[in-house]
Amino acid sequence: MAQLSCPDCGQTLSQDQETCPNCGFPVADYLHGYRQEAPGPVAPVPEVHVPRCPICGSEDLLRLSALDACAKAFVFGIMGAGDLGKTWECQDCGSKF
């Protein structure tokens with residue numbers, strides 16, 4: 001037999017009592033409603049950031065590797081160094097950003 005306190009007056013009660021002998025609070029109804037209470041609101045799932053092309057707005061992107069950019073700069077020198085700071089390449093319009 002579980003002991004609980006009355007939510008209204010704080011007196012110690014047994015879980016089998018239907019009402020509080022001190023204040024008359026309906027303990028059975030309170031416990032019944034507490035057990036069947038629906039869970040609270042679910043926290044919204046944070047949106048996943050999807051990068052988009054700043055030129056055309058497309059999400060069809062290819063991630064550029066740093067190794068490829070460094071190899072291009074090594075082979076072509078200053079002419080190939082333009083891709084060093086770029087991370088994405090748009091598959092629709094070809095822009096690199």
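Residues: numbered from 1 along the sequence shown. Remember, it's a predicted structure, so these values are computed and weren't measured experimentally.
- To the nearest 0.5 Å, the span separating CD1 on I55 from SG on C90 amounts to 9.0 Å.
- Remark: L64 CG to E89 CD distance equals 5.5 Å, nearest 0.5 Å.
- Contact detail for P21 and L13: the closest heavy-atom pair is CD-CD2, 3.5 Å.
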Quiz item: Given R63 and T87, is the side-chain contact (heavy atoms from CB on, under 4.5 Å) satisfied, shown in steps?
Solution: CA-CA 6 Å; R63 187 172 185 89; T87 307; 3.8 Å; yes
Self-check item: side-chain contact (heavy atoms from CB on, under 4.5 Å) evaluation trace for L61 with F97
Solution: CA-CA 10 Å; L61 303 175; F97 55 98; 3.9 Å; yes
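- For the atom pair D60 CG and R52 CZ, the distance stands at 12.5 Å (nearest 0.5 Å).
- A distance of 9.5 Å separates CZ of F25 from SG of C9, quoted to the nearest 0.5 Å.
- Between C93 and C53, the closest side-chain pair of non-hydrogen atoms falls below 4.5 Å.
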